[in-house]
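As the structure lists them, so they are numbered: ligands from 1, and atoms in each ligand from 1. When a residue number appears, it is its place in the shown sequence, counting from 1.
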Amino acid sequence: MEKEKVVIIGSGPAGLTAALYTARADLKPVVIAGSQLGGQISLTSEIENYPGFFSAEQTLTGPELVEVLQKQVEHFGTRIEFDEVTEVDFSKGSPFTIKTYGKEYEAETVIVTAGASPRRLGVLGEEEYIGRGVSYCGTCDGFFFRNKKIVVVGGGDSAIEEALFLTKFASSVTIIHRRDELRAGKALQKRAFANEKISFIWDTAVDEIVGDATVTKVKLTNRKTGETSSFETDGVFIFIGHFPNSKFLEGQLEMDEHGYIITDEMMRTSVDGVFAAGEIQDAVYRQVATSVGQGTAAALRTEKWLSERE
Ligand code: NAP
C-alpha cells in the first residue's frame, strides 16, 4: 500500500492543474491518469480559446497542450501513474483507499477529476473521422468550418445551442434528429426555427459517416418510412449528451440524477477531504479554461484542508 498526501484521479486540465498547484505546495501529488493522459483535450485537434497560447501561424493542438502540462507538473514533483482506478473506499473517512489495476493507495486527500465523455453515435466512420470532420465541440472546432456545410446530430439543448453557435461560421447547418420533435427548451427552439441558416431533417438516424481525407457525406435512414439516403456535408457535429465518468464512485459520493458529483463553492464533495473539479462536477461550462480554474480551486482547498489537520 502506497501512502500519499494527495491522490488526483484523472489527468485532464482540471487534474493536471490540481497537480501543478499541490506539487508547488510540496505535497508530492500522485495523478492516476486514466485511459488517456489529458482526457478530452487529447482528442481536440486545435485549441484556440485557451488564453495565452496563440500563434497566427500555428495553432496549439490538444496533444501539445497535454505535453506541456505533463512536463510542467512533473517538473514540480508530480508523479503520474498510467493506470486506471477500479475501486475507491471513502466510507471510513481520511485516509481513503484507492485501488487501481496495478496498485493500492492510501490517500489523506483525494481530488476527483475523472471528467466526462461525449456520447458517441456508435456508427461506422465516426471514430475514423474524429478531428477530420467529426467533432463533439462547437466552441473548439466551429471556427474551422467557416463557409462550410455541416450537420448537427441531436435534438437537445446542447445540439440546438451549438447549432446556433455554429451558424456564425458555417454556410449552412442541418440538424438531423431521430424524432419529429426537439427535446430542447422552447426558447432555443424558437431561435433555431427563425435562423435562416438552420434546416432540419426529422425522424432520421445517421447510419454511417463517409469521407476521403475528411468527411464528405452521411448516410441516413428515415425511421418512419425506412427510406435511405445520402447527405453531403463537410462536418458532423454530434451532441447527443455527455456522461460523467463517475460510475466507479457510485455509493461513495453524492451525485445528481445524471451522475455528476455534487460540489459546493469550495469544490468539496459530500465526503470531508475529497474534492472534485472539472467536468465530472460541471455539466454547464465544459471548457479547458473553466476546468483549469476549478482544478486550481480544488487544489487550494486541499492544501488548506491538510494544513488545518497538521
Ligand atoms: P440531452 O438533453 O440528453 O439530449 C440529447 C439529445 O440527443 C436528444 O435530443 C436525444 O434524442 C438525442 N440522442 C440521444 N442519443 C441519441 C442517439 N444514439 N442517436 C441520435 N440522437 C440521440 O443532452 P444535452 O443536450 O447534452 O443536455 C444535457 C443536459 O444539459 C440537459 O439537462 C440540458 O437541459 C442541459 N443543457 C442546458 C443548456 C441550456 O439551458 N442552455 C444547454 C446545454 C445543455 P431524443 O430527444 O429522441 O431523446
> Quick one: do E74 and R79 make a salt bridge, cutoff under 4.0 Å?
Replying inline: no
Tabulate below the donor-acceptor pairs under 3.5 Å that side-chain atoms of residues 155-168 make, not counting sequence neighbours, or state none.
| residue | atom | partner | partner atom | Å |
| --- | --- | --- | --- | --- |
| D157 | OD1 | G185 | N | 2.9 |
| E162 | OE1 | G138 | N | 3.1 |
| T167 | OG1 | L164 | O | 2.5 |

> Angle class for the W305/F275 ring planes (parallel below 30°, perpendicular above 60°, tilted otherwise)?
Replying inline: perpendicular
> Quick one: hydrophobic cluster around V85, which other residues, with the 4.5 Å side-chain cut-off, linked directly or via members?
Replying inline: V7, I9, V30, I32, V88, F90, F96, I98, Y105, V110, V112, F248, L249, L253, M255, I261, V271, V274, I280
Let me have the donor-acceptor pairs involving side chains of residues 232-247, under 3.5 Å, with sequence neighbours excluded, atom names and distances please.
| residue | atom | partner | partner atom | Å |
| --- | --- | --- | --- | --- |
| T233 | OG1 | K149 | O | 3.0 |
| T233 | OG1 | V151 | N | 3.4 |
| T233 | OG1 | G235 | N | 3.3 |
| T233 | OG1 | G235 | O | 2.9 |
| D234 | OD2 | K149 | N | 2.9 |
| N245 | OD1 | S117 | OG | 2.9 |
| N245 | ND2 | A114 | O | 2.9 |
| N245 | ND2 | G115 | O | 3.4 |
| N245 | ND2 | S117 | OG | 3.4 |
| S246 | OG | G259 | O | 2.6 |
| K247 | NZ | E250 | OE2 | 3.3 |

>> Here's a test for you: under salt bridge (charged side-chain N to carboxylate O under 4.0 Å, His left out), which of R223, R179, K224 qualifies with D203?
In response: K224
> If you count only heavy atoms, which residues are under 4.0 Å from ligand 1?
Replying inline: R119, L121, G154, G155, G156, D157, S158, E161, H177, R178, R179, R183, F239, I240, G241
